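None of these values were measured; they are calculated from a predicted model. Counting begins at 1 with the first residue of the sequence.
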Amino acid sequence: MDITYLLWLQGLREKAGPVVENIFSTLTDIPFNPLTILLMASIYWCVEKRMGFSLLFSQLGGNFVNNVIKNCACVYRPWIRDSRIKPPQRALEGATGYSFPSGHSQNVMSEYGALGYQLFKKDRAQKKHTWAWAVVICLLIVALVAFSRNFLSVHTPQDVIVGLSVGLIFICLTNLLLSWEARGAEKGKKNRDLLIVVTGTIIVVAASLFIRFKPYPLDFVDGNLVVDPYKMQSDYFSAAASFLALLWGWFIEKRWVKFDTECPVWQKILRIVFGTAGVCIIYYGFSALIKPHIPSYHVYCMIKNALPYFFVVGLYPAIFTAVERKIKKGRKAQKKN
């Protein structure tokens, strides 16, 4: 039934032509678009630290869980299950790992679904409808990206539904965990952040050992391996390392940096400009430099994806906080003189 539905959508896509196909190919990559990551980072650096971190935690935590499920279920992609399924080449490039659940669906829910929820909460608390338009846009993005995974024939309906569900569950879990930690801090129980980080680390390490050494299906056609498990694991190890980097970056920021989002507009702009430059240098420049020196592709994927998030959450706030404090101190000294 799921293959029949995908074949029907494939027929619609072929009749609609390349323009419609290109539109959906662009929409489908929104969860992993650099602008989406920049949006969450900018909220964290400049708008509301708690909200920004909750978006990042929801995205990376959900992505980690989603990839654990993927490598446990080991469901092949639709075109492997049925040769009549012909996804566009552009969509194939982003369809890595196993099929179930959909990573794009989970990520768009964890990002834009979470953002819509946070904005809805703000409006509800203030008894206004200031952000109603943004909430609608967020929900529209979630719906379009989820549908695009079926329309482009890279996921079945059940892949998408479960991916959205994982994202939704992690939005709830994120809010519960961060609220629990905040309440503890207010009551003088200051080690709840450490408990979250240590527990998260233990879970990630245990899951990584399981994913690395568990048995995988080895199906052959004409003597050739249909799916290489080693390649399928790369998305998992990228997600696991990114989530760990986020947790420890958050812990460092909470304990020692403690930056403030209350600052002049020009200062916020500088934070975003230099932060964006830093992420690009690390993700594209530094990763290209180290790639020839790392024999393990999994280790390379882990470093490449972990460093930008550690930079965004922990290292960069420490840098701009130190610089801003030094400038502020210098100005005060000048005024005295």
Side-chain angles (χ1 to χ4, degrees), residues 2 6 24-37 39-40 53-78 87 91-118 138-178 200 203-204 207-208 211 232-247 301 305-306 309:
D2 54 351
L6 292 185
F24 276 97
S25 294
T26 300
L27 288 170
T28 204
D29 287 331
I30 287 177
F32 299 103
N33 190 294
L35 291 176
T36 294
I37 310 303
L39 172 64
M40 294 188 294
F53 180 74
S54 70
L55 297 177
L56 290 164
F57 190 92
S58 176
Q59 183 227 352
L60 295 181
N63 196 31
F64 164 70
V65 171
N66 200 75
N67 275 282
V68 170
I69 298 172
K70 272 194 176 192
N71 282 271
C72 288
C74 297
V75 175
Y76 291 158
R77 293 279 178 169
L92 281 172
E93 292 170 2
T96 55
Y98 289 108
S99 188
F100 175 87
S102 165
H104 284 68
S105 300
Q106 170 270 311
N107 274 277
V108 76
M109 176 61 81
S110 294
E111 295 163 353
Y112 288 94
L115 178 58
Y117 172 69
Q118 293 291 338
C138 287
L139 293 176
L140 186 61
I141 289 172
V142 171
L144 286 172
V145 171
F147 175 72
S148 74
R149 304 313 287 165
N150 292 154
F151 188 74
L152 297 171
S153 302
V154 288
H155 278 293
T156 61
Q158 55 265 38
D159 294 345
V160 170
I161 291 169
V162 175
L164 290 172
S165 300
V166 171
L168 184 59
I169 290 168
F170 224 86
I171 290 172
C172 299
L173 182 60
T174 297
N175 281 278
L176 287 172
L177 274 176
L178 296 185
I203 290 171
V204 171
S208 297
I211 295 299
M232 297 297 100
Q233 292 172 351
S234 61
D235 281 355
Y236 165 78
F237 284 106
S238 297
S242 298
F243 187 45
L244 272 185
L246 178 89
L247 288 174
C301 288
N305 289 278
Y309 283 103

From [atom1] ([X]) to [atom2] ([Y]), nearest 0.5 Å:
X	Y	atom1	atom2	answer
Leu60	Phe170	CG	CZ	9.5 Å
Thr156	Tyr76	OG1	OH	15.5 Å
Ser102	Met109	OG	CE	11.5 Å
Ile171	Tyr117	CD1	OH	9.0 Å

Counting C-beta onward and ignoring hydrogens, is there a side-chain heavy-atom pair between [X] and [Y] closer than 4.5 Å?
X	Y	answer
His155	Ser105	no
Leu152	Pro87	no
Asp2	Gln158	yes
Asp159	Phe100	yes
Val154	Thr28	no
Gln118	Asn175	yes
Leu55	Glu111	no

Contact summary for [X] and [Y], nearest pair of heavy atoms:
X	Y	result
Asn66	Gly163	OD1-CA, 4.1 Å
Val166	Gln106	CG1-CG, 4.0 Å
Leu164	Ala146	CD1-CB, 4.0 Å
Ile69	Pro101	CG2-CD, 3.6 Å
Tyr98	Arg77	O-NH2, 3.4 Å
Ile211	Gln233	O-NE2, 3.2 Å

Verdict with supporting geometry, Leu39 and Leu115, side-chain contact (heavy atoms from CB on, under 4.5 Å) | CA-CA 10 Å; Leu39 172 64; Leu115 178 58; 4.0 Å; yes
Review item, side-chain donor-acceptor pairs of residues 237-246, under 3.5 Å, at least two apart:
from	atom 1	to	atom 2	distance (Å)
Ser238	OG	Ser234	O	3.0
Ser238	OG	Asn305	ND2	3.2
Ser242	OG	Ser238	O	2.8
Ser242	OG	Asn305	O	3.2

Got a list of side-chain donor-acceptor pairs under 3.5 Å for residues 29-37, not counting sequence neighbours?
from	atom 1	to	atom 2	distance (Å)
Asn33	OD1	Leu35	N	2.8
Thr36	OG1	Ile30	O	2.7
Thr36	OG1	Tyr112	OH	2.8

What residues form a side-chain hydrogen bond (donor to acceptor under 3.5 Å, both in side chains) with Ser208, not counting sequence neighbours?
->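 Scan of Ser208 (side-chain hydrogen bond (donor to acceptor under 3.5 Å, both in side chains), adjacent residues dropped) gives Tyr236.
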Asn71 and Asn67: side-chain donor and acceptor closer than 3.5 Å?
->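 Short answer, no.
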Would you say the side-chain atoms of Ser58 pair up with the backbone N or O of Ser110, donor to acceptor, closer than 3.5 Å?
->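 Yes; at least one donor-acceptor contact below 3.5 Å.
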